[in-house]
Amino acid sequence: QDIPGGEDSMDAAQEQGNSGSHSQRDELQSPRSSLSSVPAVSIHADDVLRILKEFLQDFDKLREDRPPREIQDIRDNSKDAEYWEALTHIIPEPTLKLWDALGAALLEYHKVLTRRAELFSEATALQQQNS
């Protein structure tokens, strides 16, 4: 797999098709960053496997250096109950009462509009009978 110009590079060249230059087939280019000060990085296709192996070795070292997960997950939950209790009173009581009154008034208004629509359809039917 680590053979330069082996099967992997041939497959990559075939996937991209025969159009394009030799440098397009042999190099992988990272997309340009939104920051204009960061230049585009091009990586030769044969170097990808080596770079990934180095990254994984460094990543494993970083994971070994951290404290165990049990120690990281410990957090102070002594004020959780106080926090959630405070959230139950986030909307003032007068505002809740106002919203309840508005809800009841809107239901009554809906009933009036529904009854009015019924009466309007009855009036239309009576007009058609009279004519």
Side-chain angles (χ1 to χ4, degrees):
Q1 299 272 345
D2 288 78
I3 301 169
E7 291 179 14
D8 291 340
S9 63
M10 294 293 282
D11 291 342
Q14 289 175 356
E15 286 178 9
Q16 290 182 359
N18 292 332
S19 63
S21 68
H22 179 69
S23 63
Q24 286 177 334
R25 289 191 309 253
D26 288 343
E27 291 184 3
L28 301 173
Q29 294 186 353
S30 67
R32 286 204 176 255
S33 173
S34 61
L35 302 173
S36 60
S37 64
V38 179
V41 177
S42 62
I43 299 172
H44 194 270
D46 294 336
D47 295 333
V48 172
L49 187 60
R50 179 185 52 81
I51 291 169
L52 285 173
K53 284 181 181 178
E54 289 174 8
F55 171 77
L56 289 175
Q57 288 173 352
D58 292 342
F59 186 72
D60 287 338
K61 289 177 188 174
L62 289 173
R63 292 185 76 183
E64 291 170 2
D65 292 343
R66 332 185 275 193
R69 186 157 180 83
E70 300 165 354
I71 297 172
Q72 288 181 343
D73 288 340
I74 297 174
R75 70 174 198 77
D76 182 18
N77 59 2
S78 61
K79 295 187 179 184
D80 284 359
E82 181 182 326
Y83 171 79
W84 290 111
E85 180 62 30
L87 278 182
T88 61
H89 303 295
I90 196 106
I91 300 173
E93 192 67 32
T95 304
L96 290 174
K97 288 181 180 179
L98 176 66
W99 289 349
D100 289 339
L102 286 172
L106 283 173
L107 285 175
E108 288 299 318
Y109 185 59
H110 181 265
K111 288 178 186 176
V112 168
L113 289 177
T114 304
R115 179 68 181 140
R116 186 174 174 185
E118 290 170 1
L119 292 174
F120 182 75
S121 62
E122 286 179 25
T124 306
L126 287 174
Q127 284 178 346
Q128 286 178 354
Q129 284 180 0
N130 289 337
S131 62

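In this chain, residues are counted from 1 in sequence order. Quick caveat: nothing in here was measured; it's all calculated off a predicted structure.
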TODO: Quick one: pull up OG1 in Thr114 and CG in Leu119 and give me the separation to the nearest 0.5 Å.
DONE: 11.0 Å

Open item on the list: Distance check, rounded to the nearest 0.5 Å: Leu98 atom CG versus Ile91 atom CD1?
Closed with: 11.5 Å

Open item on the list: Rounded to the nearest 0.5 Å, what separates atom OG1 in Thr95 from atom CG in Asp100?
Closed with: 11.0 Å

Task: Shared hydrophobic cluster, Leu102 / Val112 (ILVMFWY, side-chain heavy atoms < 4.5 Å) - done: no

Open item on the list: Can a side-chain donor-acceptor contact be found between His89 and Glu93 if the only test is distance below 3.5 angstrom?
Closed with: no

TODO: Find the distance between NZ (Lys111) and CG (Leu106) and round it off to the nearest 0.5 Å.
DONE: 12.5 Å

Open item on the list: Restricting to salt bridge (Lys or Arg N to Asp or Glu O under 4.0 Å), what partner residues turn up for Arg115, sequence neighbours left out?
Closed with: Glu118

Open item on the list: Please say yes or no: joined through hydrophobic side-chain contacts below 4.5 Å, possibly via intermediate residues, are Leu87 and Trp99 part of one cluster?
Closed with: yes

Open item on the list: I need the Gln57 CD to Glu54 CD distance, nearest 0.5 Å.
Closed with: 7.0 Å

Task: Gap separating the CG atom of Asn77 from the NZ atom of Lys79, nearest 0.5 angstrom - done: 12.5 Å

TODO: Look at the side-chain heavy atoms of Ile, Leu, Val, Met, Phe, Trp and Tyr, link any pair under 4.5 Å apart, and say whether Trp84 and Leu96 land in one connected group.
DONE: yes

